[in-house]
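Report on one structure; see the data block that follows.
Throughout, protein chains are lettered first and strands after them, A, B, ... in sequence-line order, and every chain is numbered starting at 1.
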There are 2 protein chains.
Amino acid sequence: MSKVMRPERPALSREYILDRALGLVDRDGIEAFTFRKLALEIGADPMAAYYYFPNKAALFDGIVEAIYLEVAPSASFSADDSSVPPRDRILTAARSMRCAFLRHPRALPLVATRPASTPRMAVLVEAFLGLLAEAGIGGARALDAITCISVYTIGHALAQAGEPAGGGTPAGVEGLLQEADRYPRLSAAAAHFADYDPDRQFDLGLAALVDGLLGAGD
Amino acid sequence: MSKVMRPERPALSREYILDRALGLVDRDGIEAFTFRKLALEIGADPMAAYYYFPNKAALFDGIVEAIYLEVAPSASFSADDSSVPPRDRILTAARSMRCAFLRHPRALPLVATRPASTPRMAVLVEAFLGLLAEAGIGGARALDAITCISVYTIGHALAQAGEPAGGGTPAGVEGLLQEADRYPRLSAAAAHFADYDPDRQFDLGLAALVDGLLGAGD
DNA sequence: ACCTGAACACCGTTCAAGT
DNA sequence: ACCTGAACACCGTTCAAGT
């Protein structure tokens, strides 16, 4: 019955630390993230995390990796269910990336900023290349398609996450709309702010992009 | 002949400070940017900038604004040169945004992350709405198109800027390619890394996206 | 191997003060 | 109005030390 009274804490590990770190970023944002706050969160010395990560950048890379691990736990991504055409499976794959991204809006600047070349990314790219091959796209065109679809997906999620949590009119635009004569078209467009639906909009652009990329070589 | 020997320095101003701040970010990156280094750069007390900006976030917002001010100094953006079809003028507008972005690769995370709703943005959006109207797109569809094209443009520039300056094979991918049997398609695609051209790729996706968005309502 | 704690060289920001 | 300088409450990271 020696040190039984110590506050019980899961054994420290890379995964556990990343999990709590991502939780902190989700809650308080990247700016507020600190090794010292992380230490409080995991109940250890401020420097404990340095045993698992050489520095903050490496820990952030780990967070990005953790988010990509949430993308499409195998299923819809690589399944070659021939009953649904490859074009639609490509759309589904992009949506499942988007879904993982939107689960961590405040961490997205990390995802958008740190190019990951990990085994996980290789698996995702490999699967996507498979989908594209089924759609008749290969070689350089496949790489182009993957990049274009990826940057559109991350870009859209990032912009959506950056918006004021309200979801209605983008912040500050109201002020500009006072001068309706200076921005007549913008003012007219403001009528449509109410029924803005990010998911529908994303799908709209995604379909345009994918169809254009698939059809370009005919 | 009192204080003549003082190192000559332009009078401090919002614009001057932003200009030097952007220069620092361009040179050393966002992480390394510090009010104290900025002070050295402008030859003033570390706290001098606080007279013009309430905090670091406000200064970063100013940097983003400064970059958008570099977009298409009027010309190609709003010109209704009827000899070139609206569809092509939309492409040109997106390219001119991209061009301004690529002039400041290390500042791009700021641009991608801070939604700007300033008069300058209103002017750009207003002009873009004009182009879309000429192409027969208005209302909610125009807002969708602007957002989709914008996020694609910023997303692509951000990804490109995030790459290792080398430009060749994305960092670390070589390591993964050792296990060619695990990632057969990725390995095959690697043959095309050499002739990767970001501008061509951007144009490819942009054309797909724009044509899809313009044609969707027929 | 895994974690602690003191120490160092920084930060952003506040505030009272100078001109 | 515009800028300075000291001070405060933090940071990330190093390193020697503990178990």
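- The nearest whole Å value for the distance from the CZ atom in A:Arg14 to the P atom in C:dC2 is 14 Å.
- The number of heavy-atom neighbours closer than 6.0 Å to CD of A:Glu41, taken from other residues, nucleotides and ligands shown, is above 12.
- Both the sub-6.0 Å distance and the 45° axial angle are not jointly satisfied by A:Arg14 relative to the ring of A:Phe53.
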Close N/O contacts between protein and nucleotides 16-18 of chain D (under 3.5 Å):
none

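- Contact check of residues 26-50 of chain A against DNA chain C (heavy atom, cut-off under 4.0 Å) returns A:Arg36, A:Ala44, A:Asp45, A:Met47, A:Ala48.
- A salt bridge is absent between B:Asp26 and B:Arg106; no separation between the charged side-chain nitrogens and carboxylate oxygens falls under 4.0 Å.
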> Taking only Watson-Crick and G-U wobble pairs with both distances under 3.5 Å, what dot-bracket line describes DNA chain C, where [ ] shows pairs that cross earlier ones and | shows pairs with another strand?
Replying inline: ||.|||||...|||||.||
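- When the shell of 6.0 Å around CD of A:Glu31 is examined, it contains 12 or fewer heavy atoms from other residues, nucleotides or ligands.
- Closest to the side chain of B:Tyr52, from the set C:dT13, D:dC3, C:dC2, is D:dC3.
- Heavy-atom minimum distance, A:Leu12 versus A:Tyr52: O-OH, 3.2 Å.
- With rounding to whole Å, A:Asn55 atom CG is found 5 Å from D:dT13 atom P.
- Taking atom CZ of residue B:Phe53 and atom P of nucleotide C:dT13, one finds them 13 Å apart after rounding to whole Å.
- Between A:Tyr16 atom OH and C:dC3 atom P the separation is 12 Å, expressed in whole Å.
- A 6.0 Å sphere centred on CZ of B:Arg103 holds more than 12 heavy atoms belonging to other residues, nucleotides or ligands.
- Salt bridge status for A:Arg200 with B:Asp144: present, with a side-chain N to carboxylate O gap under 4.0 Å.
- Ion pairing of B:Arg98 with B:Asp199 is present here, as a side-chain N (NZ or NE/NH1/NH2) and a carboxylate O approach within less than 4.0 Å.
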